[in-house]
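Here is the structure we will look at.
All values below come from the heavy atoms of this structure, side chains included, with hydrogens, waters and symmetry mates left out. Note that this is a predicted model, so its numbers are computed, not measured.
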Amino acid sequence: ESMAHSKNRATDGKITYPPGVKEISDKISKEEMVRRLKMVVKTFMDMDQDSEEEKELYLNLALHLASDFFLKHPDKDVRLLVACCLADIFRIYAPEAPYTSPDKLKDIFMFITRQLKGLEDTKSAQFNRYFYLLENIAWVKSYNICFELEDSNEIFTQLYRTLFQVINNGHNQKVHMHMVDLMSSIVCEGDSVSQELLDTVLVNLVPAHKNLNKQAYDLAKALLKRTAQAIEPYITNFFNQVLMLGKTSVSDLSEHVFDLILELYNIDSHLLLSVLPQLEFKLKSNDNDERLQVVKLLAKMFGAKDSELASQNKPLWQCYLGRFNDIHVPVRLECVKFASHCLMNHPDLAKDLTEYLKVRSHDPEEAIRHDVIVSIVTASKKDLSLVNDHLLNFVKERTLDKRWRVRKEAMMGLAQIYKKYALQAEAGKEAAKQISWIKDKLLHIYYQNSIDDRLLVERIFAQYLVPHNLETTERMKCLYYLYATLDGNAVKALNEMWKCQNMLRHNVKDLLDLIKQPKSDSYNKAVFSKVMVITRNLPDPGKTQDFVKKLAQVLEEDEKIRKQLETLVSPSCSCKQAEVCVKEITKKLGSPKQPSNPFLEMVKFLLERIAPVHIDTESISALIKQVNKSIEGTADDEDEGVPTEQAIRAGLELLKVLSFTHPVSFHSAETFESLLGCLKMDDEKVAEAALQIFKNTGNKLEESFPHIKSVLLPVLQHKAKKGSPRQAKYAIHCIHAMFSNRDTHFAQIFEPLHKSLDTDNMEQLITPLTTLGHLAMLAPEQFAAPLKSLVANFIVKDLLMNDRIPGKKTTKLWVPDDEVSPETLAKIQGLKLMVRWLLGVKNNQSKSGNSTLRMLTAILSSDGDLTEQGKIGKPDMSRLRLAAGCAILRLSQEPCYHEIITLEQYQLCALVINDECYQVRQAFAQKLHKGLCRLRLPLEYLAVFTLCAKDPVKERRAHARQCLVKNINLRREYLKQHAAVSEKLISLLPEYVVPYAIHLLVHDPDYVKVQDIEQLKDIKEALWFVLEILMAKNENNSHAFIRKMVENIKQTKDGQCPDDPKINEKLYTVCDVAMNIVISKSTTYSLESPKDPVLPARYFTQLDKNEDISMKSPSETEKPSRGRKRGAAANQDDKGQESKPKRGRKKAANTSTDDAEDQWGEDSSMAEASMETEDEQNSPPKRGRRGRPPKSAASKDETPSKGRRGRRKTAPPADEENEEEQEEEEDDEDDAGSENMEVKPKGRRGRKPRLVAAYIYDLNIDDLVLNVLNTHKPFILNKWLFTEGRQIPPAILWNPHLRKGEDDLQSHRQQLGKPGTQTPVAKSFLAFSLDAACSLYMCLGLFHGFYLTHTICFSGGRSRAAANQEEESEEEMNTAQQSEEEEDEPMDSSPKVSFLSPENP
């Protein structure tokens, strides 16, 4: 009622001012107006809502203050005072404001909002009034009046914008609080929040704004937290519009939607309750960029330190993990990068991540594999417990990645982890134990071929495994315990590393010596050759070569650098000196303008490899002290986790290796005295190692350390007589290396030993025999003569030809060393003595070599039981066979003995690699490999590895293959480096192994029946075993060279049995198999051979230019008729075979197959027999079948004979067989895809042309026709496969030239269907007589006088189904394996030519 009354009053228009305030109008000055308004403000400020009278009194004044005169007044002070009055008026008149017009209300609130901008300047004199204004409207929630207005959204939006603009770091907590109160009341009490209003809040969360105005961000954050429940539906709606409906126009913030989600999640996860499921949907979007954005967003949300999103929202987490397998590379990359944050902040999620990181560690993208490593290593370096063993294994695997960048990252990562947790033990002993494998793994990488890998291993070793900056004693202790705990392969790698660095050091030293010499042509060549050797030891040899040349030039010109480098490579250079030299050289070569240049980088690499950073005299002394501590029991071996005995052995082994690479560093009295102490220890191995160290380092001991010499000599003499065999050996070598009057010392040892040999005590015989053997080798002129009678009478007659103690009855083929009988050990030493004696003499004038070789081969022939009395046990026989085989290998390394080894002896020796005992095969292969690697054994011994194709044990085949690869590469490398050795080509060029391999296989005792399919398969496997490696690269057109070589062999006879027709037939058959492999595996075999091959004269007779042996096989020349009489001939051949040495892998004659073959008449379908072999001969060898043991004797009705020792094999375990079968199936598929040699007919699966089964050799057409008239022998033209939908080529079947009467035509029609008709899948063999073949040639337009040197071949694709069916039917036709033509005539070596295409007859 009172309000209504007051409104009536207001209409009167009379304005009442507070006491002392005159009228406020435009007629007064600004200052006066301000003064009067201040009094009005004071009045309103003092009023409260209960002052009804005053409210009525000043109603008109309130309306007057809201007039445009004040709201639009130009003076800001006036406007501020008016705004304060209006704010109070809303407070006093609440809940109903005196203003009723919506427009007026809008104007008033917009006016107040504008005044709030004054809050910005906190230093202003009026700031308190502005604060009062804010406080007032916030307190009263005045703006809530606007809810009823149509323009409320505009008013609120303007207010929010203003407040976010003015907030700054000058404002205190109260200002911030009032603003939040004011804004939150609008959200919480209003009916809705418009998108525009929401944008004014959210825009402050966008990163760009957030960084510009942190206070506005904090204000928005506080507001959202306060209003979370009320505002959530509007936020959800906004994201729904943008994410799900794609309405980006609803807001300008649409493009920042993912940034906003992250910010909102960090502010209060409840704000996004309904948004997160939308993200799950977006993760499966088809748009790559959109998925990438969502993944980036979720990575931050899941990875944040306190985030519990993964546990709260499992479906979203699983969906996110799925993106690790995204098709888009950047998405996968983002996931992988996220992994390290996740591992560090949420270790509980490591299990989920492991499986996905495993897959990504094999990602085709290099960057992703690289980042997987970075993620895992980063987490590991923070805390090892964050990563499980699986994750570290992924890093381990990547050290063998095909990309250098990935390998480098993995190796460096592991090295850093090792240094932190193993060397510095930052996480205790358990952690150190967990990653102890890292040191071994890193050193294993030294086995890689890439020079980059090896250099990195060296760098890692110097910086992380044994940090070079440690103090000497500490550094040596670190090296000592590292060496003691490395595995065998890592030790070998480390030894190899020192060896390579030492060789490079010597090469640089040689270059420096060369540079001092006067210039000449030979000088330039020598320098160039040294430059090339050094280049090969540095990364990127292509570029490095120029840099090394430049370095050689710099060394010539700059004496200071040369002096520094000489100091660096001198054996006496200390580690500290080395550091100074490296700094000086790099400083001189670098320039301040260009701090890093490629030349300087190369020089640094070189210096890094040759500088002695670990080992010098001081280091060796410290290392020996460390060994002594272990010996005395004062070292902390147990703390380091190494048993004392193991530590001492490893320490001496380490010293032994360093004595090879750094002998000069041992030259100190202290070192030698410590070694003397080791010599006197009971541990055999320790004394052995000490002896070897003396041998390697003692060359100046006599003159420099006489007091050591006088103590050492009696110890050495004692060891030579009474020590263990190995100690005796090294003692003799020590005396030989160290003392000048060695003859006297040797005599003092020889005489008593020589006289006291006695077979009654075998155990005490072993050391004297060892000593005598080494004396004979090192001083032949002194002892050769007296030893001759000793060998003849004592060694051979007494020792080897008698079996005194019967061996234990056991079925085992091998026993450990300590279980071998002393008698056998003595016999083995006896054999070694004979060999060493011969190697010392180095001539065969007395024919001792021949008799020794005869005895060695007798041991092999008799399976190791020389006396053949059966007293000796199987394990001892194995040992003796191995000793005999290795003895022949040793003798073969000396040219004068190699010449007298007969082919039979060589073949017997080769068969040791197929011995029935696994350990014999293993040890023999190692010896063989060693001799070949040193280029000491002749090339024919490389062919011995081809026999390993039959080995039933996969590891042995793999080892043999590695040996072949290494030897072939070694020889090729040697030939590149030594261009001058071209006259020795036949003994070095690896391709020359082919004739030896062929010859060895021809004389393989397992190869009994010339055309037996199983035996031919074995031969193909063996040939492929070596040819696969030789043909991997076609260097200098070697494929054509190999082909030419095989062709040439077919024009010779076997050098071992030139008159044996069966052997020659075998020779040509093996050549055919070899030729077929070359043809089927090479596209360039038909080119001209770069050089004419020379065949080894001992193995093959001279090439017969006049009579082409390939035209008719020896069996044809010897025997007038072919066919049924073959059985008799075969028997005859078998008799001839028995005259050979008894050993080897003899098989009983297989008569049943012969009988079966004889049932086929001369005119029987040789098609089937011949075609059966054709597929086998032409398809490339299958990897899986390699080394499969031959089928058991029982299955072939064979009776195994005693002499078959060489190939008695145990079947591989069942799982290996399955594995090989799988491999075979895979290979069959591979081969099917890769065999095609010609252009594939369109629309069909291409397949290599199939060889015709009959071969026609260099016959003139006239002769051929005469031959036809005389013999009418049937032969196979081709095997033809018709597939569904293919028409029969009329040129083949319906040409009048090919008809032989109506009967034939009818039979063909019945067999193959009518011309032009569609035939089902069918297989047919078309048999024609030779006249039909001639006609065919005529109809193909071949003219009179053409020499038929090519295989006839009809090429054509065939379907896989048909191929399979064909192979199945071949399996069924095992009864007739080979046509007569193929048995009697060698295969032609000429290229295949396709005369007809089935698509275009």
Side-chain angles (χ1 to χ4, degrees), residues 324-337 339-340 354-378 380 390-418 437-461 464 489-490 493 496-497 500 536-544 605 958-959 961-962 964-966 968-970 972-973 1028-1029 1031-1035 1183 1223 1226-1227 1229-1230 1233-1234:
F324 272 84
N325 301 332
D326 197 286
I327 193 169
H328 193 43
V329 173
V331 173
R332 300 202 300 276
L333 202 54
E334 198 56 48
C335 289
V336 165
K337 284 179 176 167
S340 71
T354 303
E355 208 45 50
Y356 290 94
L357 284 174
K358 180 182 182 177
V359 180
R360 290 289 60 78
S361 69
H362 296 275
D363 196 286
E365 278 297 316
E366 176 188 339
I368 292 175
R369 299 196 303 277
H370 177 271
D371 280 13
V372 168
I373 294 159
V374 173
S375 290
I376 297 170
V377 169
T378 309
S380 307
H390 293 299
L391 290 171
L392 283 175
N393 265 335
F394 303 156
V395 182
K396 179 182 174 180
E397 281 175 11
R398 290 304 99 211
T399 57
L400 299 175
D401 196 274
K402 61 182 175 183
R403 295 285 179 193
W404 163 237
R405 177 173 164 236
V406 181
R407 296 199 302 275
K408 184 180 179 183
E409 190 63 47
M411 288 156 74
M412 288 303 289
L414 288 177
Q416 289 159 4
I417 292 169
Y418 179 81
W437 55 266
I438 290 179
K439 60 186 184 305
D440 297 312
K441 179 63 200 168
L442 289 171
L443 286 167
H444 290 169
I445 294 161
Y446 208 73
Y447 286 94
Q448 296 302 313
N449 291 328
S450 152
I451 191 76
D452 289 307
D453 289 280
R454 300 174 75 156
L455 284 173
L456 186 58
V457 173
E458 289 180 12
R459 184 175 289 176
I460 284 171
F461 180 77
Y464 297 97
N489 288 329
E496 180 69 14
M497 184 180 94
C500 291
R536 270 193 296 277
N537 287 286
L538 295 167
D540 196 358
K543 292 177 187 170
T544 307
F605 265 122
H959 175 256
R961 194 176 189 285
Q962 280 175 346
L964 276 168
V965 170
K966 185 169 181 185
I968 286 167
N969 292 341
L970 187 86
R972 283 179 176 159
E973 201 56 45
E1028 181 186 16
I1029 299 160
M1031 293 173 67
K1033 290 181 186 168
N1034 187 20
E1035 290 183 8
R1183 191 176 65 235
E1223 246 178 76
E1226 285 166 23
D1227 281 2
E1229 284 179 30
D1230 291 349
S1234 64

Residue pair Y447, V457: steps toward the side-chain contact (heavy atoms from CB on, under 4.5 Å) verdict:
CA-CA 10 Å; Y447 286 94; V457 173; over 6 Å; no

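- Side-chain contact between F324 and D363: absent, with no pair of heavy atoms (C-beta onward) separated by less than 4.5 Å.
- What you find for M411 and D453 is that their closest heavy atoms are CE-O, 3.7 Å.
- What you find for L455 and P539 is that their closest heavy atoms are CD1-CD, 3.1 Å.
- I445 has its side chain out of reach of L456: every pair of non-hydrogen atoms, C-beta onward, lies at least 4.5 Å apart.
- Counting only heavy atoms from C-beta outward, the side chains of H328 and E334 never approach each other to under 4.5 Å.
- Exactly one of H444, Q448, R407 qualifies for a side-chain contact (heavy atoms from CB on, under 4.5 Å) with L400. That residue is Q448.
- With rounding to the nearest 0.5 angstrom, the CD atom of E1028 is 4.5 Å from the CZ atom of R961.
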So R459 and F605, side-chain contact (heavy atoms from CB on, under 4.5 Å) or not? Walk me through it.
CA-CA 10 Å; R459 184 175 289 176; F605 265 122; 3.3 Å; yes

Just do the side-chain contact (heavy atoms from CB on, under 4.5 Å) check on S380 and L392 with the steps written out, would you?
CA-CA 9 Å; S380 307; L392 283 175; 3.9 Å; yes

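- Atom NZ in K337 sits 12.0 Å away from atom OG1 in T378 (nearest 0.5 Å).
- Looking at every heavy atom in both residues, L443 comes nearest to A493 through O-CB, 3.1 Å.
- Atom CD of E366 is surrounded by more than 12 heavy atoms from other residues, nucleotides or ligands within 6.0 Å.
- Atom CD1 in I1029 sits 4.5 Å away from atom CG in L964 (nearest 0.5 Å).
- The heavy-atom pair separating P364 from R369 by the smallest distance is O-NH1, 3.2 Å.
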Starting from the C-alpha separation in whole Å, work towards a yes-or-no answer on side-chain contact (heavy atoms from CB on, under 4.5 Å) for Y356 and C335.
CA-CA 10 Å; Y356 290 94; C335 289; over 6 Å; no

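- Here the CD atom belonging to E496 is positioned 6.5 Å from the OH atom belonging to Y446, to the nearest 0.5 angstrom.
- Side-chain contact check for H370 versus R403: every heavy-atom pair is 4.5 Å or farther apart.
- A salt bridge does not link R332 to E365: none of the charged nitrogens lies less than 4.0 Å from a carboxylate oxygen.
- Looking at L391 and F394, their side chains come closer than 4.5 Å, going by heavy atoms from C-beta outward.
- From M412, atom CE reaches atom CD1 of I417 across 11.5 Å, with rounding to the nearest 0.5 Å.
- The minimum heavy-atom distance between I376 and V395, with the atom names listed, is CG2-CG2, 3.8 Å.
- For the atom pair NZ (K441) and CD (E397), the distance works out to 9.0 Å, reported to the nearest 0.5 Å.
- Few gaps surround NE2 on H362; more than 12 heavy atoms of other groups in view lie less than 6.0 Å from it.
- At a threshold of 4.5 Å between non-hydrogen side-chain atoms, the residues I451 and L538 do not count as touching.
- Nearest approach of Y464 to Y418, heavy atoms of both residues: O-CD2, 4.2 Å.
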